[in-house]
Enquirer: 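Below is one structure. I have some questions about it.
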Amino acid sequence: MTAQADEREVYDHNAIQAKWLPLWDELAPFRSGDPSDPRPKKYVLDMFPYPSGDLHMGHAEAYALGDVLARYWVLRGYNVMHPIGWDAFGLPAENAAIKRGENPREWTYANIEQQKSSMRRYACSFDWDRVLNTCDPEYYRWNQWLFLQMFKKGLAYRKDGAVNWCPSCQTVLANEQVVGGECERCDGPVTKRKLNQWYLRITDYTQRLLDDMDQLEDGWPNKVLLMQRNWIGKSTGAQVRFEVEGREEPITVYTTRPDTLFGATFMILAADGELAAELAAGTSAADELAAYVEQMKASTDIERQATDRPKTGVFLQRYATNPVTGERIPMWASDYVLADYGTGAVMAVPAHDQRDLDFAIKFDLPVRLVVESDEDPKATGVAVADDGLHINSGPLDGMNQEDAIATILEVLGQRGTGEYAENFRLRDWLISRQRYWGTPIPIIHCEACGEVAVPEDQLPVRLPELSGDQLRPQGVSPLAAAEDWVNVPCSQCGAAAKRDADTMDTFFDSSWYFLRFLNPHDDTQAFDPELAKQWLPVDQYVGGVTHAILHLLYARFITKVLHDLGHLNFTEPFTRLLNQGMVVMNGSAMSKSRGNIVRLSDELDENGVDSVRLTMVFAGPPEDDVDWADVSPSGARKFLARVWRLAGDVSSAPDADAAGGDVPLRKVTHKIVHECAQAVESYRFNVVVARVMELVNAARKAIDSGCGPADPAVREAAEAAAIILSMVAPYTAEDMWERLGHAPSVMRASWPQVDPALLVADAVTCVIQINGKLRDNFEVSPDISEAELQEIAMARPAVQTALAGGELKRVIVRAPKLVNVVIA
RNA sequence: GCCUUGGUACUCCAACGGUAGAGAGGGUGGUCUCAAACACCACAAAGUGUGGGUUCGAAUCCCACCCAAGGCACCA
């Protein structure tokens, strides 16, 4: 071998990357806009990233997995749309802008450019003609349009509500920014504050969000469906009306245990609710209640959420009447009853509800057992929650829970004092944010006309130019201080008015972005309904389980809204969902404080893009976390070099007919190609890699000690390896394809044809079990009959000796692989 | 506290209720080399968390427990 030839045999990932990346830009193999494309469609979508710095290991995993699926469907002959964009509004940009004295745009777009270029190098198969950024006016204009459609339908409304408030940052926080009761930014305690805010009426859709999950049963992880069901939190029970002394109207309570009504010995109202204030008014409890509520507001989320904290409350000096016992029961107010769930009032059944029991013991209120139990809750301090025979309950005596509930509902119905009821944990979606870097809410507040929608032909309402200190949180939105922006004439009456100064939750931006990818540059509509019919729903969605509830729930909600508005012909946006795991280091999430961050760029430099992608895919099932300490990118590189050399060793002509090739190797190839397709479709990507390794090992063996490098079966194997590998290691596969004598690109190749005749094995190993234990094995034809197999098996010496030791009871034959002889 | 998902070799992971090992990492030995690295070849031992059950046969299905991870958590 010459020195030059020697050099050519070195697998140089940098050279291969540098060689092919520019060519792919030219070929743009993943463009998907051609309307005359006759291939069936597949919409593969990766959750779009937030542009916080460069890509990290987590992105590398997510996009490697998404790419396997996108590239697979391309190889299978589908017209695949695989777009990408940036979820580009949000707080980190604002913080960076304050620090740097800039507009958040600078930091955001710089990061987007950085990430985009990293994604290109990482060989993500995105359609680069469809890029969108949510912070572009061309995008958020349609956010505003969508908001206005909902406003007109009454689905967007304003109300006063208690929201998360960080006293040290002087700003409202989103739920997801409150971590364990603490502010994500400053780690200070979070309190509640009453503010007038915009909400979206997602609670109108609770039952549909629940019911439509039936459509997702096969395509989504059970875990996510379960989390959504829990989040929606449907419960069933009854509403019961209690007469109140000195009040015209009765008070309605919601309970899931109407069967325990006979044990209701007092009533509790939400302390911060209107009812409590009304009832206390004019009594000596009024001041006490007011003080209690003040204290309640000041308490932090951490204090509020502590489950073992003692019960507190105020006696309201008022009495209600238990509708079934006629008893006079005292009315209290407490913070453990929530104003915004159910009716904000509960009947307390201390014997059978732990919270009520804690309260009853604390304030020495009566406890009456109405379900049979050996224990006395008042003595043990433990409420009896189990099903059992009802006692002290009039007509319910002797019944179990189910019958008692049915009966009491009947009784209440006859008397007109109650009926069956449902409740949901899900609340309306608060979308107002007192921040700058988000979509302005397109509403003008006019003294005379009230809330006025900005006319659609005046959209977008653009953000004013603010930067640096102007963005500092002051307790109100920075937009409110932008005088010449916020002061506008009312678009209805022309009088002086003010724009709404809040911006929208960024989850709103991401709740419909998958529709905008259809026509990202269209300035006449948010999305094209005809294209939506053609491309949607998304066939495959890929993203982290961190979005299992909020983002996915919001996207489902908005899809239903758009369906009801007549813009879409489907009700669920994502048919299949894959949740990839996280990349961790030594068992824990990478973080600066742990000092265990692995830099993606370092890994890419050292072992190359393909090695990192292969490592991510091969590490294990995609849903599992990848522990970087357990995997071997250098091992991945070793394999890639090995398979790359294999392509160089093939010495047959590119058009060699595989039909005349070595049959055993061909069988291996066809079996593996077949199995790989099934494995991809069931997300077993790690198995795909293992199968390709197997194929490479088999081809290597054939070259070195079998049929030799000139056999067309070796070429067939190497080409199959290149095509399959192009899903995971596109640079290496592309270079192999060239070395195998083909014109670029391997991405234009199609999935190898499987010859069914080659999937049939010549012989299979049949095992013999005696009483279920392995005792013997021999080769048989795969299409052997059961009778024939049994005959052969019974004649085997192993069976004969066993038979001599006992009586034959049974023979189980599973042709062609197993015979189990049962001997007593 | 409630719910869910997991537990296979030294490590990461495979195995339609039917031979526990596909693949990789690590290890040992060899070939190549002046030597090493790379590459190539070969090799090993040992294991289904624990206890029951169903079955001709269980890593696989069922029950209980242990451990780990995740979700929810005063939602009446």
Side-chain angles (χ1 to χ4, degrees), chain A residues 9-11 221-231 233-235 237 253-258 260 264 268 270 304-309 311 334-338 340-349 352-356 358-359 423-427 545-546 548-549 581 587 614-615 618-621 623-627 629-636 638-639 641-642 645 672 675 679 684 686-697 700-701 704-705 764-777 809-814 817-824:
Chain A
E9 283 304 299
V10 175
Y11 173 80
N222 279 329
K223 180 177 153 178
V224 174
L225 294 175
L226 190 78
M227 282 164 73
Q228 293 218 350
R229 286 198 179 95
N230 288 343
W231 185 263
K234 180 175 182 171
S235 81
V253 303
Y254 172 72
T255 176
T256 55
R257 291 292 302 276
T260 61
I268 304 194
R304 212 192 325 274
Q305 283 168 7
T307 45
D308 53 352
R309 101 184 216 275
K311 291 283 178 285
S334 175
D335 60 1
Y336 84 87
V337 174
L338 308 175
D340 59 352
Y341 183 79
T343 59
V346 303
M347 64 181 213
V349 185
H352 305 289
D353 181 285
Q354 191 59 48
R355 296 155 302 186
D356 297 344
D358 294 343
F359 195 86
N423 253 300
F424 298 90
R425 210 190 67 111
L426 185 72
R427 310 295 154 87
V545 73
T546 43
I549 298 173
L614 182 73
T615 303
F618 185 50
E623 308 83 9
D624 289 4
D625 287 349
V626 175
D627 194 327
D630 288 332
V631 295
S632 172
S634 63
K638 243 165 71 175
F639 167 70
R642 182 172 154 86
R645 282 195 305 272
I672 285 174
E675 287 174 358
R684 284 149 51 234
N686 53 329
V687 177
V688 172
V689 174
R691 288 285 174 270
V692 176
M693 288 171 167
E694 214 179 326
L695 178 60
V696 171
N697 290 344
R700 182 89 260 157
K701 202 159 210 162
D704 292 345
S705 56
V764 295
T765 306
C766 176
V767 301
I768 293 190
Q769 296 179 344
I770 309 287
N771 292 336
K773 299 230 176 348
L774 185 69
R775 285 294 176 264
D776 191 14
N777 68 79
K809 298 277 283 194
R810 237 181 123 170
V811 181
I812 287 120
V813 183
R814 293 284 177 273
K817 295 187 78 170
L818 176 129
V819 178
N820 186 14
V821 183
V822 185
I823 290 168

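Computation of the quantities below employed the complete heavy-atom set of this structure, encompassing side-chain atoms and omitting hydrogens, waters and symmetry-equivalent molecules. Below, read A as the first sequence line, B as the second, and so on, with proteins coming before strands; counting in each chain starts at 1.
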Enquirer: Does Arg645(A) make a side-chain N or O approach to OP1 or OP2 of rC40(B) shorter than 4.0 Å?
Expert: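 So the side-chain polar atoms of Arg645(A) do come within 4.0 Å of the phosphate oxygens OP1 or OP2 of rC40(B), strictly under.
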
Enquirer: If you look at every strand shown and take non-hydrogen atoms under 4.0 Å, does Leu338(A) touch a base, only sugar-phosphate, or nothing?
Expert: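 Base contact.
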
Enquirer: rG18(B), OP1 or OP2 - any side-chain N/O from Arg814(A) closer than 4.0 Å?
Expert: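 Result: no.
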
Enquirer: With rounding to the closest Å, how many angstrom separate the C1' atoms on rA68(B) and rG25(B)?
Expert: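 Approximately 23 Å lies between the C1' atom of rA68(B) and that of rG25(B).
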
Enquirer: Can you tell me the Watson-Crick or wobble partner of rC67(B), both distances under 3.5 angstrom?
Expert: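 Pairing partner, where one exists within any strand: rG6(B).
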
Enquirer: Starting the side chain at C-beta, find the nucleotide from rA22(B), rG71(B), rA76(B) nearest to Thr256(A).
Expert: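 Taking heavy atoms from C-beta onward, the closest nucleotide is rA76(B).
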
Enquirer: Side chain of Gln769(A), base of rG18(B): donor and acceptor closer than 3.5 Å?
Expert: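 Counting by modelled atom types and ignoring angles, a donor-acceptor contact under 3.5 Å is found here.
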
Enquirer: Check whether any side-chain nitrogen or oxygen of Ser632(A) sits under 4.0 Å from OP1 or OP2 of rG26(B), and answer yes or no.
Expert: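 Answer is no, no contact under 4.0 Å.
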
Enquirer: Please determine, for rG29(B), whether a Watson-Crick or G-U wobble partner exists with both distances under 3.5 Å, and give it or none.
Expert: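 Matched rG29(B) with rC41(B) under the 3.5 Å cut-off.
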
Enquirer: Would you indicate which nucleotide in rG71(B), rG23(B), rA76(B) comes nearest to any side-chain atom of Glu694(A)?
Expert: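 The listed nucleotide nearest to Glu694(A)'s side chain is rG23(B).
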
Enquirer: For Ser334(A), report the nucleic acid contact type (base, sugar-phosphate, nothing); a contact means any heavy atom under 4.0 Å.
Expert: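 The residue Ser334(A) makes no contact with any strand.
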
Enquirer: Look at the side chain of Asn820(A) and the base of rC56(B), then say whether one donor and one acceptor between them are separated by less than 3.5 Å.
Expert: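 It does, because a donor-acceptor pair links the side chain of Asn820(A) to the base of rC56(B) below 3.5 Å.
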
Enquirer: Taking 4.0 Å as the cut-off, does a side-chain nitrogen or oxygen of Tyr341(A) come that near to OP1 or OP2 on rA76(B)?
Expert: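 So the side-chain polar atoms of Tyr341(A) do come within 4.0 Å of the phosphate oxygens OP1 or OP2 of rA76(B), strictly under.
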
Enquirer: How is Lys773(A) classified with respect to the nucleic acid when contacts are heavy atoms under 4.0 Å: base, sugar-phosphate, or nothing?
Expert: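 Touches nothing.
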
Enquirer: For the side chain of Arg642(A), starting at C-beta, report the closest nucleotide among rA24(B), rA76(B), rC40(B).
Expert: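 So the side chain of Arg642(A) is nearest to rC40(B).
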
Enquirer: Between rA64(B) and rU4(B), how many Å separate the two P atoms, rounded to a whole number?
Expert: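 My reading of the P atoms in rA64(B) and rU4(B) gives 11 Å.
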
